[in-house]
Structures are given as C-alpha cells and as structure tokens.
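Worksheet: one structure, shown below.
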Amino acid sequence: MEFLALIPARYASTRFPGKPLAEIGGKPMIRHVYERVSAVFADCFVATDDDRIVATVEQFGGRAVMTSGHHRSGTDRCAEALGTVSAMTGKRYDVVVNIQGDEPFIEPVHLRALSALFNDTQAEVGTLVARFGEGEEVLDANTPKVVRDREGYALYFSRSVIPFVREMVAEETVVYYKHIGLYAYRSDVLKRISAMPPGVLERAESLEQLRWLENGLRIKTAEVKGMTIAVDTPEDLGRAENFYRSKL
C-alpha cells in the first residue's frame, strides 16, 4: 500500500502569523514536523501557499509543493497537493496522511497506528482518539469528544460531553474519548470529500469530520496513549520550547 504524507502549512494564521517558521530549539517548527513524519513515510511533502515556507523547507532538504491560498481547510489543501505530488512522482497513492504543520512533537507510534487502520478494507477515513486522563476537563468545548462503535468506527464527534450519562448501574463506567486531529484518507475518498459542501452538523459544531459522517463515510479510529502538543498561539510556542528543552 502506497502512503503519501502531507503537511498542510499556511503562513497567514489569524492567531499566529508565520507560525510554521517560528523556531523551537533553534529550528523552524515545520522542520520538527517534517523530520518526524519523514522518518515514518518515504513520501512526505509540505503543502503550503507561501513562498517563504517553501524556501525554508527546501533549505533544510525537505520537499514542498505550492497550493491555492483559498482552501477552507487542511483537508482541501491535501486534496490539491495529492494531484500535484502524484504528477511529480508518477505514483498512485492509496492513502493520504494529513499531519498539521503545528504538531512539532508528533509521535511516530501515532503515525503508524493511523496507517494500520487501513488494513481494514472498510475504513475510508482514519483518525486517532485518546482517553481523558485524570484531572482533564471533559466539559472543555475546545476539546472535541468522540463516541465509537464496537469495531472502533466513529459514531459521532462533538464539543459537548458524549455520551451524556443519565442513568447507570453501579458496576458500569463510561470511558470518555478525546479526538486527536490527525487524519488519513483513501485517495479516492479524499477527492470526494473535497467536493462535499459543509453540512448542518459541521456548521453547528465547527467540526469538519461531521460533514464526512453526514455523507455516510466510515471513519475508523485507533486509541493511542498520550497527546500531541499543538502550537496554536505565541503562548503555546513558549510551552513547546519548554517541553523541547525538558527532553534534551
């Protein structure tokens, strides 16, 4: 099975302009992401809309492709980049893995778990979940939750607490899962997704994966331990720098 790893990265972030080029430990964040991803996937490209990001990636020996500046999401950017990279390499990719450019500490074990989901021929999209740890705030609307069926397929994603516990017997417990925003898609499915208009559920919750469920796609999940550390704001960058130094 041929995998293509794509790292969508845009310069004009509203909350943190130039974020992919912000340095952690003396290296631009996009390089941290690229080096971790390319250690797992032979074909790895940054997909961006900015020449400065392309220049930075090529300077450290990585590969990048330019995409439109009008994409609504990283998923849409990946759909365009798939066609560009396929034309460049002459390869037909079975699965596209989407790793955000603000995940400098993405774990290789997470990427492998995501890839392994496609051993199930029924899986059209793959993503990751983790259990809420002790003391973590289940009510936080900024942390999407997910419920799954017995085979690991997502039933629903929400910013609300799901499931809502109305009545249970003493020996029963509910496990709450948070969603880790890494995705992989079969290539033909990614092309279909890019043509889908936003649905009612997506607009209500501001979660793009609900569009896919509304259109009948099967999203398989893998449970992993630990969470990635995303950098969304300048304040997050400071925490990321401290985490990096703690691992030296």
Side-chain angles (χ1 to χ4, degrees), residues 2-24 26-106 111 114-115 125-126 181-198 208-209 211-212 228 230-234 236-237 240:
E2 289 284 351
F3 286 87
L4 171 62
L6 294 173
I7 306 170
R10 65 190 186 99
Y11 189 91
S13 169
T14 303
R15 288 188 289 177
F16 194 171
K19 180 171 61 174
L21 304 186
E23 292 193 349
I24 299 172
K27 294 196 300 188
M29 181 159 51
I30 194 65
R31 181 171 182 175
H32 286 278
V33 181
Y34 188 93
E35 289 177 347
R36 284 172 174 256
V37 175
S38 61
V40 177
F41 299 105
D43 286 356
C44 175
F45 290 80
V46 172
T48 186
D49 59 358
D50 194 277
D51 290 330
R52 288 164 288 189
I53 295 176
V54 171
T56 298
V57 172
E58 292 179 344
Q59 187 174 32
F60 66 70
R63 295 184 290 182
V65 293
M66 285 291 290
T67 58
S68 167
H70 302 292
H71 290 303
R72 298 172 298 181
S73 67
T75 298
D76 292 333
R77 194 176 304 281
C78 285
E80 180 188 351
L82 168 61
T84 303
V85 173
S86 294
M88 288 172 56
T89 63
K91 291 185 179 180
R92 185 180 183 279
Y93 296 100
D94 301 293
V95 174
V96 174
V97 184
N98 172 358
I99 307 97
Q100 295 299 322
D102 57 6
E103 297 275 0
F105 307 114
I106 185 69
L111 297 174
L114 190 60
S115 303
V125 180
L182 297 174
Y183 296 110
Y185 335 77
R186 295 194 187 275
S187 294
D188 60 328
V189 172
L190 177 57
K191 294 173 184 176
R192 288 166 54 197
I193 284 173
S194 66
M196 293 175 182
E208 67 172 328
Q209 61 270 37
R211 184 193 324 174
W212 314 338
T228 58
V231 178
D232 294 319
T233 66
D236 292 338
L237 184 66

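Just so it is clear, the values below take in all heavy atoms, side chains as well, and ignore hydrogens, waters and symmetry mates. Every value quoted in this text rests on a predicted model; they were computed, and no experiment measured them.
- Applying the side-chain contact (heavy atoms from CB on, under 4.5 Å) test to Thr89 and every residue at least two apart in sequence or in another chain returns Phe45, Val85, Lys91, Tyr93.
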Run Asp236 and Asp102 through side chain to side chain contact (heavy atoms under 4.5 Å, CB included) and show every step you take. CA-CA 10 Å; Asp236 292 338; Asp102 57 6; over 6 Å; no
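- Under the salt bridge (charged side-chain N to carboxylate O under 4.0 Å, His left out) criterion, Arg186 pairs with no residue at all, not counting sequence neighbours.
- At least one side-chain heavy atom of Phe16 sits under 4.5 Å from a side-chain heavy atom of Leu237.
- Counting all heavy atoms, side chain and backbone alike, Ile53 lies closest to Ala9 at CD1-O, 3.7 Å.
- Considering CH2 of Trp212 and CZ of Arg192, their distance stands at 12.5 Å, rounded to 0.5 Å.
- The side-chain heavy atoms of Asp43 and Arg63, taken from C-beta on, include a pair separated by under 4.5 Å.
- The side-chain heavy atoms of Phe105 and Arg36, taken from C-beta on, include a pair separated by under 4.5 Å.
- Looking at residues two or more places apart in sequence or on another chain, you find no side chain to side chain donor-acceptor pair (under 3.5 Å) involving Tyr34.
- Between the OG atom in Ser115 and the CG atom in Leu111 there is a gap of 6.5 Å [rounded to 0.5 Å].
- Counting all heavy atoms, side chain and backbone alike, Glu2 lies closest to Asp94 at N-OD2, 2.7 Å.
- Heavy atoms only, all atoms of each residue included: Arg52 and Leu21 are closest at CB-CD1, 4.1 Å.
- A pairwise comparison of heavy atoms in Gly101 and Ile7 identifies CA-CG2, 3.6 Å as the closest pair.
- With sequence neighbours excluded, the residues satisfying side chain to side chain donor-acceptor pair (under 3.5 Å) with Arg72 are Asp76.
- Relative orientation of the Phe3 and Phe41 rings is tilted, given thresholds of 30° and 60° on the angle between their planes.
- For Ala79, the side-chain contact (heavy atoms from CB on, under 4.5 Å) test picks out Leu190, Ser194, with sequence neighbours left out.
- Of the inter-residue distances, the one linking Met196 atom CE with Glu208 atom CD reads 11.5 Å to the nearest 0.5 angstrom.
- Within the 4.5 Å cutoff, the side chain of Cys78 has heavy atoms near those of the Pro8 side chain.
- In this structure, the side chains of Leu182 and Ile106 come closer than 4.5 Å at one or more pairs of heavy atoms.
- The side-chain contact (heavy atoms from CB on, under 4.5 Å) test applied to Val54 returns Thr48, Glu58, Ala64, Met66, not counting sequence neighbours.
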Check the pair Val125, Val189 against side chain to side chain contact (heavy atoms under 4.5 Å, CB included), reporting the backbone distance first and the verdict last. CA-CA 8 Å; Val125 180; Val189 172; 4.0 Å; yes
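- For Arg10, there are no side chain to side chain donor-acceptor pair (under 3.5 Å) partners at least two apart in sequence or on another chain.
- In this structure, NE2 on His32 lies 5.0 Å from CD1 on Ile24, to the nearest 0.5 angstrom.
- No side-chain heavy atom of Val37 sits under 4.5 Å from any side-chain heavy atom of Val97.
- Proximity of Asn98 to Leu6: side-chain heavy atoms (C-beta onward) are nowhere separated by under 4.5 Å.
- How far OG1 of Thr56 is from CD1 of Ile30: 9.5 Å, rounded to the nearest 0.5 Å.
- Shown here for Pro198 and Arg211, the closest heavy-atom pair between the two residues is CA-NE, 3.9 Å.
- The shortest distance between side-chain heavy atoms of Asp49 and Arg77 falls below 4.5 Å.
- With sequence neighbours excluded, the residues forming a side chain to side chain donor-acceptor pair (under 3.5 Å) with His71 are Glu80, listed by chain and number.
- Under the side-chain contact (heavy atoms from CB on, under 4.5 Å) criterion, Glu35 pairs with Lys27, Arg31, sequence neighbours left out.
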